[in-house]
Amino acid sequence: EFFANDVLFLGDMPSSTLSPRFCEMVKEFVGKFGGGLVVISGPRFGPSQLADTPLSDMLPVVVDGDARIADQKEFRLQLTPDAEQVDFMQLGADAAENKKAWDNLGPLPWYQPVSRLHPLATALAVHPTDTCADGKTPQPIIAVRRYGRGEVVYLGFDETWRLRKRYGELYYR
């Protein structure tokens, strides 16, 4: 049943819920069978919970086990030029509609900081001012990376429901 899926979503949950067997199966599912994994940060546990699990080396970001959400100031995420090349980042029929859809998120109240972007990953959206530990690289908010035959997506927030604000399901789905 596990391998009947195309994509697995891991959300805001503690690492104690991830058994070693589950982690092995996820790595096999993505790496050998070409499945997808989407890791969605949440305000309670976040990807820092994955720091000491076998899943950490699959991520498009390097997580800091001690990092806590950054919620001191709202921000608007910035799409990178690489986002134009990724299908799931295209929410509209053209560039203008895509910008309108992403602007619909509005200001985001928080995100999960990470140590850095993985060297094999691509940042698709970043924080407009906050940087990684190096003090230069923008904090990745959405990132993607190939892992074996599959792909892993990181979302540094769980606020995509905001895409429904003005336009209902149009851009959210």
Side-chain angles (χ1 to χ4, degrees), residues 1-3 5-31 35-78 80 83 86 88-89 102 105-134 137-148 150-165 172-173:
E1 288 179 29
F2 185 91
F3 293 99
N5 299 293
D6 293 326
V7 179
L8 300 174
F9 290 84
L10 292 181
D12 196 18
M13 58 191 202
S15 61
S16 61
T17 62
L18 304 173
S19 70
R21 178 71 180 129
F22 175 81
C23 292
E24 289 172 25
M25 289 173 62
V26 170
K27 289 181 93 163
E28 183 179 16
F29 170 72
V30 176
L37 173 63
V38 179
V39 175
I40 304 170
S41 299
R44 292 187 60 215
F45 301 103
S48 61
Q49 290 287 304
L50 301 178
D52 296 324
T53 73
L55 300 181
S56 67
D57 66 340
M58 298 175 66
L59 298 176
V61 294
V62 176
V63 295
D64 175 353
D66 296 323
R68 300 295 172 252
I69 64 168
D71 60 358
Q72 295 79 29
K73 60 184 179 216
E74 291 184 332
F75 70 97
R76 288 186 177 270
L77 82 117
Q78 287 184 333
T80 67
V86 178
F88 72 80
M89 294 295 289
W102 282 105
L105 275 177
L108 297 171
W110 67 274
Y111 76 97
Q112 176 65 54
V114 297
S115 295
R116 61 184 169 85
L117 187 67
H118 189 282
L120 300 175
T122 302
L124 304 176
V126 295
H127 193 283
T129 58
D130 290 358
T131 59
C132 295
D134 66 5
T137 309
Q139 273 288 331
I141 305 298
I142 303 174
V144 64
R145 124 174 222 212
R146 298 286 309 163
Y147 181 81
E151 195 167 61
V152 181
V153 176
Y154 165 79
L155 287 151
F157 66 109
D158 69 354
E159 305 279 328
T160 56
W161 59 269
R162 293 170 179 269
L163 290 168
R164 294 176 168 151
K165 186 168 41 180
Y172 182 74
R173 294 251 175 230

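What's counted below: heavy atoms across the whole structure, side chains too, no hydrogens, waters or symmetry copies.
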Between [X] and [Y], which heavy-atom pair has the shortest distance, and what is it?
X: P140; Y: A123; value: CB-CB, 4.4 Å
X: V38; Y: V7; value: CG2-CG1, 3.8 Å
X: H127; Y: Q78; value: O-OE1, 4.5 Å
X: G106; Y: R76; value: CA-NH1, 3.3 Å
X: G156; Y: W110; value: O-CZ3, 3.8 Å
X: I142; Y: M89; value: CD1-CE, 4.0 Å

To the nearest 0.5 Å, what is the distance between [atom1] ([X]) and [atom2] ([Y])?
X: L108; Y: T160; atom1: CG; atom2: OG1; value: 10.0 Å
X: Y147; Y: H118; atom1: OH; atom2: NE2; value: 9.5 Å
X: F45; Y: S15; atom1: CZ; atom2: OG; value: 9.0 Å
X: T53; Y: K27; atom1: OG1; atom2: NZ; value: 8.5 Å
X: F157; Y: I69; atom1: CZ; atom2: CD1; value: 13.5 Å
X: I40; Y: E159; atom1: CD1; atom2: CD; value: 11.5 Å

If we ignore hydrogens and angles and just use 3.5 Å, is the side chain of [X] paired with the main-chain N or O of [Y] as donor and acceptor?
X: R145; Y: L59; answer: yes
X: N5; Y: L8; answer: no
X: S48; Y: D66; answer: no
X: Q139; Y: T131; answer: yes
X: W102; Y: L77; answer: no

Show your working on side chain to side chain contact (heavy atoms under 4.5 Å, CB included) between R116 and D134 and close with a plain yes or no. CA-CA 8 Å; R116 61 184 169 85; D134 66 5; over 6 Å; no
The test is side chain to side chain contact (heavy atoms under 4.5 Å, CB included); show your working for M13 and L18 and say whether it passes. CA-CA 9 Å; M13 58 191 202; L18 304 173; 3.2 Å; yes
Are there more than 12 heavy atoms of other residues, nucleotides or ligands under 6.0 Å from atom [atom1] of [X]?
X: D6; atom1: CG; answer: no
X: D52; atom1: CG; answer: no
X: R44; atom1: CZ; answer: no

Does any non-hydrogen side-chain atom of D71 lie less than 4.5 Å from one of P109?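 Answer no - side chains too far apart.
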Quick check: do T122 and P60 have side-chain heavy atoms less than 4.5 Å from each other?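 T122 vs P60: side chains apart.
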Do D130 and K73 pass the salt bridge (charged side-chain N to carboxylate O under 4.0 Å, His left out) test, and can you show the C-alpha distance, the side-chain angles, and the key distance before you say yes or no? CA-CA 11 Å; D130 290 358; K73 60 184 179 216; 3.6 Å; yes
Classify the angle between the aromatic ring planes of Y111 and F75 as parallel (below 30°), tilted (30 to 60°) or perpendicular (above 60°).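 The arrangement is perpendicular - the two ring planes meet at more than 60°.
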Evaluation steps, side chain to side chain contact (heavy atoms under 4.5 Å, CB included), between V26 and M58: CA-CA 10 Å; V26 170; M58 298 175 66; 4.1 Å; yes
